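Heads up, the thing below is written out as structure tokens.
In this text, all values refer to a predicted model and were calculated from it rather than measured experimentally.
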Amino acid sequence: MHRPELHFHGVSQNPLSPMKLIDPDMGQNQDHPHHPRCLVVGNYCHDVLMKDDLVLAESLGGAASFISAVLDGFSIPCTFVSKVGSDFSYSVTHPPLVSSSSQTTLFHAHFSSRVQRHDRVLKRVRACDPIAPSDLPHRRFELGLAVGVAGEISPETLEGMLDICDTVFVDIQALIRVFDPADGTVNLVHLRDSGFHHLLPRIGFLKASSDEAPYVDVDEARRDCCVVVTNGKDGSTFYYKNAEQQILPFPTVQVDPTGAGDSFLGGLVSGLAHGLSVPDAALLGNFFGSLTVGQVGLPKFDSSLLQAVKDEVQRKKSHIFGPINCINNGLVFTKPLDHEEFHAALVRANTPTPHTFPIQEESQREMLCSPRVAEHHNCNGQPKTLSGNACEETIT
């Protein structure tokens, strides 16, 4: 069987697993039009944001919820495998498995007025049942996302994903998080000590934040897979074999870093699924990460903004590659000549006109008011109005 090649700097490399493109008008895998092409594995959570021990906000959490907001926005058909307890009352597009023996995973994110907002202390208060290999669907997928947040993905479950997915994207937090047995404080262990290290050669993309990257031997990992490191206000960097590219950030005002990396991963996968080069797809990831940190909790993406972004993706893909069926021979790691133009187009897409404001602009203006009043949903799925002062940090 023909295996697609990766191309960068004019050099052919050993392939990652093949990735087929979708026709955005169909929103389906053209080879299997009735099957979802993407598998997302990771539990939904209930997140409580606290500042100086006072509740600031409560919302649906878990990497799967943030990624869903992006993938659904790009009409990428997906199957989600998530577990919750019977106490879970959020309305979600992709229904979870309901455990009869445990409650929904609960996290408390503690912030202090004495430190910057990104210096949070995250605690797992309780954890739902883990996702077992037997919970995975019995069919193949082109793309898989392993996005656990509370230790719910075991090495055996990840190996099961690798067996049924052509290309697997892994958020390193699913592999290296450990939890203090006394109070649930989240800590990190090195990948080599996590029990997942032996699976590294089979992973397609490994995403880590700049705080998590020291727990991965990037020079070792880049020999086997594409490593993407998110750097907050400095954008992101990807590494694969001898390729290394810095990807530009987007201006934003950070009010809550929760889910930024998840939205980044959703944007990256959406871009690659629609035929963008790796640098352009990572740029799309940076864009959605910047939108997410400008809101508290699960972000809401304005429909007109999403359409403008999809139009830019389609325009760029058509301009570079021509018809969709003519490009199915691998991932491109070289920055296209119009990479910076694509960045500028995404900035314009989120720039308010005199009469309209993107959702992020509205969120920023609310957050910069003091006192701030925001509406969220509590664990019973009902609106909950919370007041308090957010800790803003400008990211450019």
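- Between the CG atom in L145 and the CG atom in L265 there is a gap of 5.0 Å [rounded to 0.5 Å].
- No side-chain donor from either of H339 and Q245 sits under 3.5 Å from a side-chain acceptor of the other.
- Judged by a 6.0 Å distance limit and a 45° cone about the ring axis, R124 is positioned over the six-membered ring of F179.
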Under the ring pair (Phe, Tyr, Trp, His ring centres under 6.0 Å) rule, what do F301 and F288 come out as? Steps first, then yes or no, please.
-> CA-CA 9 Å; F301 302 127; F288 279 100; 5.2 Å; yes
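- The two atoms that bring V92 and F88 nearest to each other are CG1-CZ, 4.0 Å, heavy atoms only.
- Taken to the nearest 0.5 Å, the CG atom of D87 stands 10.0 Å off from the OG atom of S99.
- Counting heavy atoms from C-beta on, the side chains of V278 and Y240 never come closer than 4.5 Å.
- None of D135, N43, T104 except one satisfies the side chain to side chain donor-acceptor pair (under 3.5 Å) rule with K83; the exception is D135.
- Evaluation of the side-chain hydrogen bond (donor to acceptor under 3.5 Å, both in side chains) rule for T230 yields no partner, not counting sequence neighbours.
- Within a 6.0 Å sphere centred on CZ of R192, other residues, nucleotides and ligands contribute 12 heavy atoms or fewer.
- Side-chain atoms of D338 never come within 3.5 Å of backbone atoms of E341 as a donor-acceptor pair (strictly under, hydrogens ignored).
- Of the N and O atoms on the side chains of H94 and D72, at least one donor lies less than 3.5 Å from an acceptor on the other residue.
- In plain terms, the two heavy atoms of C225 and I203 that are nearest each other are CB-O, 2.9 Å.
- Remark: the S68 side chain and the S65 side chain contain no N/O donor-acceptor pair separated by less than 3.5 Å.
- Every residue two or more places apart in sequence or in another chain that forms a side-chain hydrogen bond (donor to acceptor under 3.5 Å, both in side chains) with Q173 is listed here: R177.
- The backbone N or O of L191 lies less than 3.5 Å from a partner atom in the side chain of S194, making a donor-acceptor pair.
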Can you check salt bridge (Lys or Arg N to Asp or Glu O under 4.0 Å) on D166 and R37, steps first, answer last?
-> CA-CA 10 Å; D166 295 332; R37 67 187 304 248; over 6 Å; no
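- Remark: the D47 side chain and the S59 side chain contain no N/O donor-acceptor pair separated by less than 3.5 Å.
- For the pair F169/L272, a side-chain contact is recorded, criterion being any heavy-atom separation below 4.5 Å from C-beta on.
- The line from OG1 of T167 to CZ of R202 is 12.0 Å long, rounded to the nearest 0.5 Å.
- Under the rule for a side-chain hydrogen bond (donor to acceptor under 3.5 Å, both in side chains), the partners of T185 that lie at least two apart in sequence or sit in another chain are D183.
- Ring orientation note: the planes of F80 and Y44 are close to parallel, at an angle under 30° on the 30°/60° scale.
- Taking the side chain as every heavy atom from C-beta outward, H138 and I164 never approach each other to under 4.5 Å.
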